[in-house]
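What follows is a set of notes on a single structure, which appears directly below.
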2 protein chains.
Amino acid sequence: MNVTGHTRRPASIRDVATAAGVSYQTVSRVINGHPSVKPTTRDRVLAAIDELGFRRNATALALASGRTRAVTVLTANTTHYGYASILRGVEEAARAASYAVGIGVLESADETAVAAEVQRAADAGGGLIVIAYDPAGVAALGAVPAELPVVGVVETPASPPGGDRPWVWADDREAAYQATRHLLALGHETVHYVAIPSSTRRTSARTAGWRQALREAGAPEPRPVQSSWGPAGGHAAGLRLAKDPAVTAILCGNDDLALGVLRALHESGRSVPGEVSVAGFDDAPHSAYLTPSLTTVRLDFTGLGRAAFALLHGVLEEAVQVAPHPVSEPELVVRESSGPPPGGVQRRPPA
Amino acid sequence: MNVTGHTRRPASIRDVATAAGVSYQTVSRVINGHPSVKPTTRDRVLAAIDELGFRRNATALALASGRTRAVTVLTANTTHYGYASILRGVEEAARAASYAVGIGVLESADETAVAAEVQRAADAGGGLIVIAYDPAGVAALGAVPAELPVVGVVETPASPPGGDRPWVWADDREAAYQATRHLLALGHETVHYVAIPSSTRRTSARTAGWRQALREAGAPEPRPVQSSWGPAGGHAAGLRLAKDPAVTAILCGNDDLALGVLRALHESGRSVPGEVSVAGFDDAPHSAYLTPSLTTVRLDFTGLGRAAFALLHGVLEEAVQVAPHPVSEPELVVRESSGPPPGGVQRRPPA
DNA sequence: GCCCCCCATGTGACCGGTCACAATCCTGGC
DNA sequence: GCCAGGATTGTGACCGGTCACATGGGGGGC
């Protein structure tokens with residue numbers, strides 16, 4: 001097996017063919033599992049493949065056949081828990097299907113920057129998965145040329161800006177609805193909301209679910225506090241909300257925001273959950289270990305990533321079309337950060 | 001610009017050549033910036049390129065020239081802060097150099113699984129960056145065939161198992177040393193250490209730095225508590241350490257472990273930093289917002305990723321070799337979780 | 001005015017696979 | 001024993017670029 005010392009270039013199908021005493025086309029048939037190859041011949045070819053350590057050149061395959069077996073994930077953020085988990089899900093599914101996974105980061109939502117990044121992803125060949133939870137992602141999804149196979153991971157199911165592209169989504173609306181109902185059921189008069197940046201100018205799914213729960217309960221609807229993605233934004237928002245003694249329950253657009261809010265409440269001397277209840281969103285790994293541990297809604301991001309890949313895989317190989325949303329339901333996880341409002345129940349919990 | 005409705009395949013250099021009335025080779029020269037092309041001709045070609053929306057086919061380029069302009073990052077984990085940040089740094093630098101970035105996840109340290117993943121990465125063409133902080137990563141680095149260009153992101157600089165491969169590293173030893181000295185300087189008799197899983201059977205760099213600081217101070221050297229990567233491991237370790245009233249200072253292998261330790265101390269009724277001081281490692285984004293906020297050592301993971309790419313880039317293109325460790329020094333960040341031991345200073349702080 | 005050389009451009013082969021089609025072998029039916 | 005037809009195998013062209021070399025034209029040195 002490669003006894004000669006000097007680096008030689010890897011064996012091609014013609015090398016294998018020579019070694020096995022057949023034509024290159026026969027080798028091609030063997031590696032593609034074509035049925036009409038005599039067993040004897042096949043064995044000889046396989047032996048030669050083994051001996052030369054032959055591996056099919058993916059580049060040549062892609063050029064000759066057009067099949068690329070690659071996916072590029074376009075995302076605005078790789079360190080954030082939700083995004084990273086989606087990426088992980090994609091990678092998992094892609095690995096199982098022996099697809100290569102590429103990644104492109106959308107540094108800004110600027111139109112030309114986004115277009116450049118989409119181009120770069122397109123150049124890589126294969127399919128695209130765009131995480132369109134934020135303005136940059138939404139812009140990217142919109143900028144994908146029509147002929148490119150793409151799947152969006154979107155916030156709202158109703159026809160996203162990307163048009164008729166296939167998509168997957170987690171039911172953020174339902175998740176926010178559940179979390180809000182939980183807080184209301186504890187007896188809070190209303191629930192304030194610290195929002196992550198919206199992906200579109202329209203109301204986000206999370207905001208919508210929160211509002212729906214308030215409305216159904218006949219609770220007052222405070223203005224949502226627009227914030228950022230990270231704990232710093234939550235901290236700033238939390239400081240503002242802490243000043244208002246009427247605030248007894250806060251829902252946050254994600255767990256990082258909730259962390260910042262918790263910190264702000266602590267600094268303002270308001271106890272959680274004694275005076276104020278806080279709920280997050282996503283169930284990031286650290287949320288269970290905070291003090292107080294964080295009530296939140298768990299979303300199956302990994303499953304979402306897997307689903308996105310499955311869908312794209314179906315598009316690329318015209319195999320069985322996967323059902324568009326096989327992702328598990330959001331699950332409310334009640335921990336220490338939520339409890340009844342101070343001074344007992346202020347309004348009747350719903351029957 | 002592509003007025004016809006039906007999807008047509010993208011323009012090739014021959015299409016451009018025909019449109020510009022030159023040969024395909026001239027087009028090739030223009031897109032490669034070859035000097036000897038008459039300006040008039042160049043302009044005509046550029047116009048044709050623009051009109052047809054020509055983009056050079058990366059696959060064909062790779063096949064014909066061997067240059068791939070791609071990096072694959074092999075890592076055991078994508079959601080963990082440090083890993084994700086390294087990946088981000090690589091992506092950033094790669095984008096600037098217009099390289100494509102691929103990602104492969106090492107699901108287990110099992111030899112055949114690792115070998116398969118390395119093969120997959122090799123098939124993608126281009127260079128490899130292996131994050132070798134853990135057994136799976138170390139195994140992967142070792143399994144990379146000699147002829148493949150690879151850079152390791154390693155824990156300890158001294159000849160890693162990968163042999164003479166180029167590598168980058170953050171000075172974990174120095175970082176642990178600083179953190180430990182900080183705690184000792186506050187007056188703690190000694191510092192306990194909750195360790196992340198070691199990448200090799202040998203003592204990790206972080207453990208070594210911690211031990212060195214203890215030794216220099218003549219402090220007792222407790223056995224390090226072996227743990228995992230996540231908060232759950234830190235929690236378990238913290239519960240054990242909390243039982244021992246002699247424990248007044250704990251250094252953790254990363255911020256997630258520290259989070260678990262903080263939680264365990266809280267559950268055990270021991271106040272931080274009143275009774276016990278805790279320090280972490282990495283300065284993850286949430287650490288500043290914990291209650292108490294976490295004293296930790298900031299490491300420039302993003303810079304590490306950028307450096308890894310720069311090094312690989314040098315190897316791939318035989319450009320100027322980059323200095324092997326241009327990564328910034330670790331920086332101690334003192335926050336609320338560390339303070340003097342209960343009952344005042346128990347030993348003299350070093351002069 | 002001639003020759004040499006460089007500038008500008010074109011031609012053919014090749015990278016390592018695939019595809020479409022042709023050519024051979026072998027077998028059964030009559 | 002002859003022929004049709006499926007099973008095997010081989011040949012040439014092609015994917016979209018690059019590389020090595022050939023070719024035609026114009027300017028400077030003499």
Side-chain angles (χ1 to χ4, degrees), chain A residues 7-46 48-49 52-70 98 100 122-126 147 317, chain B residues 7-46 48-49 52-70 98 100 122-126 316-317:
Chain A
T7 302
R8 58 151 158 253
R9 66 165 152 63
S12 76
I13 56 169
R14 317 207 187 221
D15 299 329
V16 174
T18 314
V22 296
S23 79
Y24 54 83
Q25 178 64 340
T26 301
V27 177
S28 174
R29 289 196 181 95
V30 169
I31 60 185
N32 287 304
H34 190 99
S36 68
V37 175
K38 204 198 294 184
T40 338
T41 315
R42 180 189 313 279
D43 290 348
R44 241 179 328 140
V45 171
L46 289 176
I49 286 178
L52 297 176
F54 167 82
R55 299 214 101 213
R56 180 220 251 121
N57 181 322
T59 306
L61 171 65
L63 180 59
S65 70
R67 301 173 229 139
T68 305
R69 299 188 79 74
S98 50
D123 287 349
E147 67 272 18
E317 307 208 345
Chain B
T7 303
R8 55 151 159 251
R9 66 166 152 63
S12 74
I13 55 168
R14 322 213 182 217
D15 299 328
V16 173
T18 313
V22 296
S23 79
Y24 54 81
Q25 178 63 329
T26 300
V27 177
S28 174
R29 290 197 180 93
V30 170
I31 59 186
N32 288 304
H34 189 101
S36 68
V37 175
K38 203 197 297 183
T40 338
T41 315
R42 180 190 313 280
D43 289 348
R44 241 179 327 139
V45 171
L46 288 176
I49 285 178
L52 296 175
F54 167 82
R55 299 214 100 213
R56 178 221 249 122
N57 181 322
T59 305
L61 171 64
L63 181 59
S65 69
R67 301 173 230 140
T68 304
R69 299 187 80 74
S98 51
D123 286 350
L316 288 173
E317 306 207 346

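Every chain is numbered from 1 and lettered A, B, ... according to where its sequence line falls, protein lines coming before strand lines. Being a predicted model, the structure only gives us computed values, none of them experimental.
- Between T59(A) and A62(B), the closest heavy-atom pair is CG2-CB, 3.7 Å.
- In this structure, L61(A) reaches the sugar-phosphate backbone alone: every heavy-atom distance under 4.0 Å involves primed, P, OP1 or OP2 atoms, never a base.
- OP1 or OP2 of dG17(D) has not a single side-chain nitrogen or oxygen of S28(B) nearer than 4.0 Å.
- In this structure, CZ of R69(B) is placed 12 Å from P of dT18(D), rounded to the nearest angstrom.
- Here dC15(C) presents its P atom at 16 Å from CZ of R67(B), a figure rounded to the nearest Å.
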In the 5'-to-3' direction, what one-character label does each nucleotide of nucleotides 5-14 of chain D receive under the scheme B = base within less than 4.0 Å of a protein heavy atom, S = sugar-phosphate only, - = no such atom? ---BBBBB--
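- To the nearest 0.5 Å, atom OG of residue S36(A) and atom CZ of residue R29(A) are 6.0 Å apart.
- Applying the salt bridge (Lys or Arg N to Asp or Glu O under 4.0 Å) test to every pair with at least one member in residues 15-27 of chain B, sequence neighbours left out, gives no pairs at all.
- With respect to the salt-bridge test (charged N to carboxylate O, under 4.0 angstrom), the residues E147(A) and R9(B) do not qualify.
- In this structure, L63(B) places its CG atom 12 Å from P of dG17(D), rounding to the nearest Å.
- Taking each heavy atom of A48(A) and A19(A) in turn, the nearest pair found is CB-CB, 4.1 Å.
- Residue I31(A) holds its CD1 atom at 10.5 Å from CG of L46(A), rounded to the nearest 0.5 Å.
- I13(A) places its CD1 atom 14 Å from the C1' atom of dC15(D), with the value rounded to the nearest Å.
- Residue N32(A) places at least one side-chain N or O under 4.0 Å from the OP1 or OP2 atom of dT18(C).
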